[in-house]
Amino acid sequence: MSKKYDFAAIESKWQKYWEDNGSFRASSDHTKPKFYALVEFPYPSGHGMHVGHIKAYSGLEVVSRKRRMQGYNVLFPIGFDAYGLPTENTAIKTGVHPRKVTDDNIVKFTGQLKKVGFSFDWDRVIDTTDEDYYKWTQWIFLKMFENGLAFRDKTLVNYCPSCKVVLSNEDSQGGKCDICHSDIVQKTKEVWYLRITEYADKLLEGLETVDYLPNIKLQQENWIGKSTGAFVNFSVKEHAEETLRIYTTRPDTLYGVTFMVIAPEHPMIQKYRDSIANMDELDNYKAECAKKSEFERTQLVKDKTGVKIEGLTAVNPVTGKEIPIYISDYVMMGYGTGAIMAVPAHDTRDYEFAKKFGIDIIEVIKGGDISKEAYTGDGEMVNSDVLNGISNKKDAIAKMLTVLEKKGCGEKGVQYKMKDWAFNRQRYWGEPIPIVHCPKCGMVPVPYEELPLRLPPVENFEPGTDGESPLAKIESFVHCQCPRCGGNAKRETDTMPQWAGSSWYFLRYCDPKNDKAFASQEEMAYWMPVDWYNGGMEHVTRHMIYSRFWHKFLYDMGLVPTAEPYAKRTAQGLILGPDGEKMSKSRGNVVDPNDVVKVYGADVLRLYVLFMGDYEKAAPWSDSSVKGCKRFADRIWALQEKLVDGDSYSDALRSNMHKTIKKVSEDIEAMKFNTAIAAMMTLLNDIYNVGSVTKKELRDFLVLLYPFAPHIAEELYQQIGCEGVLSEQEWITYDEALCVDDTIEIVLQINGKVRAKLNIPADAEKETVLVQAAAEPKIAEALAGKTVIKEIYVPKKLVNFVAK
RNA sequence: GCGGGUGUGGUGAAAUUGGCAAACACGCAAGAUUUAGGUUCUUGUGCCGCAAGGUUUGCAGGUUCAAGUCCUGUCACCCGCACCA
């Protein structure tokens, strides 16, 4: 009976069985309760799967398998987010078409995922580069265009000279290209934007209705970066018609303003250049700033620079005081109005600037020593006329706002850090933007019935040196008739950014083959929202906010049934290399999951990635710990030799069985997979100590094991002659009353120190326990000659004698 | 600088409401089986000590009968944001 544990044969046997039987296909029976588990679909890179993918998918894999056993109709889909630069770069390098590269990689990934035995619904696979998919990406884009949320604007853009592509702010952080790490240069270009800022408040408010881990919510809040304050209009002495409008979060400090600062690019400078005496100096400064990379700007935080504008003077609207205006690169054109009122007494940046340029510093809030440093704390208002004596910041701000509004020189205002989403790339391997530029009609959408607007075949994927998309070189694609007037027109040749396809993929999974709509209302009404979404921390801001934005837009259009796409979101921690560093090819510390599957089997790989530590935390890979999981699997396999008849729990294992069922059931829900596995290991050790296992005990053990290591569990279930197949059985329940042992050990302490232990019946009375405890030789000895002041009794836990 | 998080054995880590610190696993040591082992099994393993016993959760205080857990201060590391007005 006890054959060798031939994991390779067992795993392929059951993978075939599940596939042949469609075991994990989501059912179309909408009367059953549903559970929609979503994991971030992979980018099918040429490197194949990473152990990080395995960990990312194993979490909800366990939950999904358990849910099916609990009677849920489970949707656990997978797909491929396949547009993007790495594939295109491979194509440029090798000359192989990105379509072919993508298809090959998808085949590779699919094979690898299946070998791990994930219970994905393979009938619903999505490929974002499939024309039946990107047709709807384009369709949603056109809806946004119709509603004014997609627009073009001329701006300074971040341009990567190496990738020859315009990047979003997020893709060019630190002045480096996110893809090739070259230095970014600034360039003026007309680009596409999605007006995500219009949804800033909705995205923020929606967070109150969802169950995301607290740090995920916080990151999203910070990314949106809402601040409330006031806009204040300062007049300009030399030009009565002009107002210098600023944004501040601290209108209460208006009496402490001693100068103004505007960004070097502020339009006011050009407007009044004729009346500015030191225009040369200003131009020079501006040129200096433009040369600095973003990196240099942040490095020079401490050393403030700037130039006073000779010929423009601001007038404080509440005091009437005349104050100088400076330009400085510590004020950004991209936030607020590009101009600030400076209150050196209570802002560290303004303080540094004032010190350097010898400007007055006026204290308006008591509590600090402004001769030493700026005071940013709270306190009583001084030197502030009507505000004097107010000590509450909120009250002072409210009062100032009413003053400003009465005078008509300012009002309450709100600002966000979040910018509109730069939504185009000058690249080939992306969704074509379905817009036609007509000399007569302007921008005209491609008619819906003509979607998908297909990517034309191309010979050369190299982007043009002018930063244009390779599509611009294809005459047959570019030249077209205007859908509105029929005249000659040109197509938009930019494509959508990588984030587009993943912004709505969870909707397509609900109804992936629909050719009438991106998904039917009926299917979405049943499946949405996603019940549980798990993925990496690196996607909790951009991808999640982008997709929530698309979803909220569709909701406002009445096209999706829920205001939020994801009811719950968690995130797994990274798997680090054995050296504790982030895995990377250059470090040479990458672990290939295929190797692990080959040597130890998929079940062991699955067990290990969940056992290695707290699921949400980063943990280094350890080859020898993998062996520990292999040993666990081997010992489970060898249980067959300990099998005895019996369709109930033995006395020796009864409470252990119930305790373990409880522990594993609860830990899975809390994503504490490591302790769930530890509990099963403990039970296994207990079985070995007892020396035999009844069929009922082993069967139930296999049910617990199944979500984690389904192949070995299925095989043993069959080997020991149980009915049917394990994947179709019900999850098991426990009896709380049977989780307790008959006798328990309690700890006896004197003054908080453990002196002895005592075995008592679980239902022993307090009085009995105290008497027995005091009678314990060690306790009696230690208490001799002392007076017991207090006796603490914690039922089922301990007795503590406080003695003097 | 701001925000969040983490500090526990040689290692990865456990530890409801404060209630036996170190579960589970790795590693290591000794032994058994195995003439070879990426085999299996047994025993031991926080630290000091022959032992009785003492002592231990980054550091310093505090609250409590009792603190890894609560409070105050402090140090280190990690992640996010960053001249955001």
Side-chain angles (χ1 to χ4, degrees), chain A residues 173-174 214-219 221-223 225-227 229-230 246-250 253 261 263 294 297-304 328-332 334-343 347-350 352-353 376 415-418 537-538 540-541 573-574 576 578 580 599-600 607-608 611-614 616-632 634-635 638 666 672 674-685 688 745-757 788-803:
Chain A
Q173 289 191 356
N215 55 331
I216 294 177
K217 266 191 203 183
L218 202 70
Q219 273 201 30
E221 275 164 20
N222 290 341
W223 204 76
K226 181 175 185 171
S227 89
I246 61 97
Y247 175 72
T248 179
T249 54
R250 298 297 303 274
T253 61
V261 187
E294 211 170 308
R297 268 194 167 192
T298 51
Q299 286 304 294
L300 298 170
V301 167
K302 286 281 168 270
D303 195 21
K304 294 276 179 292
S328 173
D329 64 355
Y330 86 89
V331 173
M332 310 289 156
Y335 184 80
T337 60
I340 63 155
M341 62 178 215
V343 186
D347 180 284
T348 50
R349 295 154 302 173
D350 298 347
E352 283 164 29
F353 194 88
T376 53
Q415 282 292 306
Y416 302 93
K417 283 189 212 173
M418 187 168 71
M537 275 313 283
E538 69 275 22
V540 303
T541 47
L574 287 176
L576 306 172
V599 179
Y600 301 105
L607 281 166
Y608 176 65
F611 181 65
M612 62 194 297
D614 186 331
E616 287 165 31
K617 283 200 210 125
W621 184 271
S622 158
D623 282 316
S624 51
S625 291
V626 179
K627 277 182 222 160
C629 290
K630 175 64 162 55
R631 227 166 270 166
F632 177 52
D634 285 338
R635 278 158 64 81
E666 289 174 356
K672 291 168 77 173
N674 53 335
T675 49
I677 293 169
M680 290 188 281
M681 289 174 167
T682 306
L683 178 60
L684 183 70
N685 291 342
Y688 271 93
E745 188 183 65
I746 63 165
V747 171
L748 307 182
Q749 296 180 331
I750 293 175
N751 295 335
K753 295 206 179 215
V754 180
R755 292 295 165 195
K757 288 174 185 180
V788 173
I789 303 165
K790 206 170 169 186
E791 291 166 335
I792 316 259
Y793 174 63
V794 182
K796 296 177 186 181
K797 289 254 165 72
L798 60 72
V799 172
N800 186 16
F801 295 104
V802 185

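All figures in this text were calculated on a predicted structure; none of them were measured in a lab. Quick note on labels: first sequence line is chain A, next is B, and so on, each numbered from 1.
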Point to revise | Whole-Å P distance, G1(B) and C70(B) | key: 26 Å

Check your understanding: Can you find a heavy atom in the side chain of Asn685(A) that is under 4.5 Å from one in the side chain of Arg635(A)?
Key -> yes

Review point. Who passes salt bridge (charged side-chain N to carboxylate O under 4.0 Å, His left out) against Lys226(A), sequence neighbours left out?
Key: Asp201(A)

**Study point:** Whole-angstrom distance between G10(B) and G49(B), as gauged at atom P
**Key:** 14 Å

Study note, to complete from the structure: Writing each nucleotide of RNA chain B 5' to 3' as (, ), [, ], | or . by Watson-Crick or G-U pairing under 3.5 Å yields (((((((..(((......[....)))((((((.......))))))(((....)))..(((((..]....))))))))))))....

Review point. Distance between the P atoms of C71(B) and U63(B), in whole angstroms?
Key: 15 Å

Practice item. Ignoring backbone atoms, test whether Arg635(A) places a side-chain nitrogen or oxygen under 4.0 Å from the OP1 or OP2 oxygen of U40(B). Key: no

Exercise for review: Not counting sequence neighbours, which residues clear ring-ring contact (aromatic ring centres under 6.0 Å, His included) with Phe353(A)? List them please.
Suggested key: Phe259(A), Tyr326(A), Tyr330(A), Phe357(A)

Review point. So, the side chain of Tyr608(A) versus the backbone of Ser622(A): is there a donor-acceptor pair under 3.5 Å, distance only?
Key: yes

Exercise for review: Report the glycosidic orientation of G9(B): syn if within 90° of 0, anti in every other case.
Suggested key: syn

Practice item. For U16(B) and A21(B), measure between their P atoms and round to the nearest Å. Key: 14 Å

Exercise for review: For Arg755(A), check salt bridge (charged side-chain N to carboxylate O under 4.0 Å, His left out) against everything at least two apart and list the hits.
Suggested key: none

Point to revise | A14(B) phosphate, OP1 or OP2, under 4.0 Å from Asn674(A) side-chain N/O | key: yes

What are the atom names and distances for every N/O pair under 3.5 Å that joins the protein to nucleotides 3-12 of chain B?
| unit_1 | atom_1 | unit_2 | atom_2 | d |
| --- | --- | --- | --- | --- |
| G12(B) | O2' | Met612(A) | O | 2.5 |

Check your understanding: Donor-acceptor pair under 3.5 Å: do we get one between Lys417(A)'s side chain and the base of C81(B)?
Key -> no

Practice item. May I have the distance from Leu684(A) (atom CG) to A23(B) (atom C1'), rounded to whole angstrom? Key: 15 Å

Give every pair of a protein N or O atom and an N or O atom of nucleotides 60-66 of chain B that lie under 3.5 Å apart, one pair per line with the distance.
| unit_1 | atom_1 | unit_2 | atom_2 | d |
| --- | --- | --- | --- | --- |
| C65(B) | O2' | Asn800(A) | ND2 | 3.4 |
| C65(B) | O2 | Asn800(A) | ND2 | 2.5 |

Revision key, fill the gap. Interatomic distance, OH@Tyr600(A) vs NZ@Lys630(A), rounded to 0.5 Å, equals 8.5 Å

Study note, to complete from the structure: Of Asp634(A) and Thr249(A), the one whose closest nucleotide on RNA chain B sits nearer the 5' end is Asp634(A)

Check your understanding: At under 4.0 Å, does any side-chain N or O of Tyr335(A) touch on OP1 or OP2 of A85(B)?
Key -> yes

Revision key, fill the gap. Taken in chain and number order and not counting sequence neighbours, the residues that satisfy ring-ring contact (aromatic ring centres under 6.0 Å, His included) with Phe611(A) are none

Review point. Taking the same atom, C1', in G46(B) and in G68(B), what whole-Å distance lies between them?
Key: 15 Å

Practice item. Report the distance from atom CG of Leu798(A) to atom C1' of G19(B), rounded to the nearest whole Å. Key: 5 Å

Exercise for review: Select base, sugar-phosphate, or nothing to describe what Glu745(A) touches, counting heavy atoms under 4.0 Å on all strands.
Suggested key: base

Check your understanding: Does Lys797(A) get its side chain close enough to the base of C20(B), under 3.5 Å, for a donor-acceptor pair?
Key -> no

Review point. Excluding sequence neighbours, so at least two apart, what forms salt bridge (charged side-chain N to carboxylate O under 4.0 Å, His left out) with Glu666(A)?
Key: Lys662(A)

Review point. Taking side chain as C-beta onward, heavy atoms only, is Trp621(A) less than 4.5 Å from Val626(A)?
Key: yes

Exercise for review: Identify, with sequence neighbours excluded, every residue that meets side chain to side chain contact (heavy atoms under 4.5 Å, CB included) alongside Leu798(A).
Suggested key: Val747(A), Gln749(A), Val794(A), Asn800(A)

Detail all sub-3.5 Å separations between protein N/O atoms and N/O atoms belonging to nucleotides 52-54 of chain B.
none

Practice item. Please identify each residue that fulfils salt bridge (charged side-chain N to carboxylate O under 4.0 Å, His left out) with Lys617(A), with sequence neighbours left out. Key: Asp614(A)

Practice item. For U43(B) and A25(B), measure between their P atoms and round to the nearest Å. Key: 13 Å

**Study point:** Among G27(B), G19(B), A85(B), the nucleotide that comes nearest once only the side chain of Ile340(A) is considered
**Key:** A85(B)

Grab the N/O contacts between the protein and nucleotides 43-46 of chain B below 3.5 Å, and write none if there aren't any.
none

**Study point:** Contact under 4.0 Å: Arg631(A) side-chain N or O vs C26(B) OP1/OP2
**Key:** yes

Check your understanding: In terms of side-chain heavy atoms of Arg349(A), which of C83(B), A14(B), C41(B) is nearest?
Key -> C83(B)

Point to revise | Rounded interatomic separation in angstrom, taking CG from Asp347(A) and C1' from C2(B) | key: 13 Å

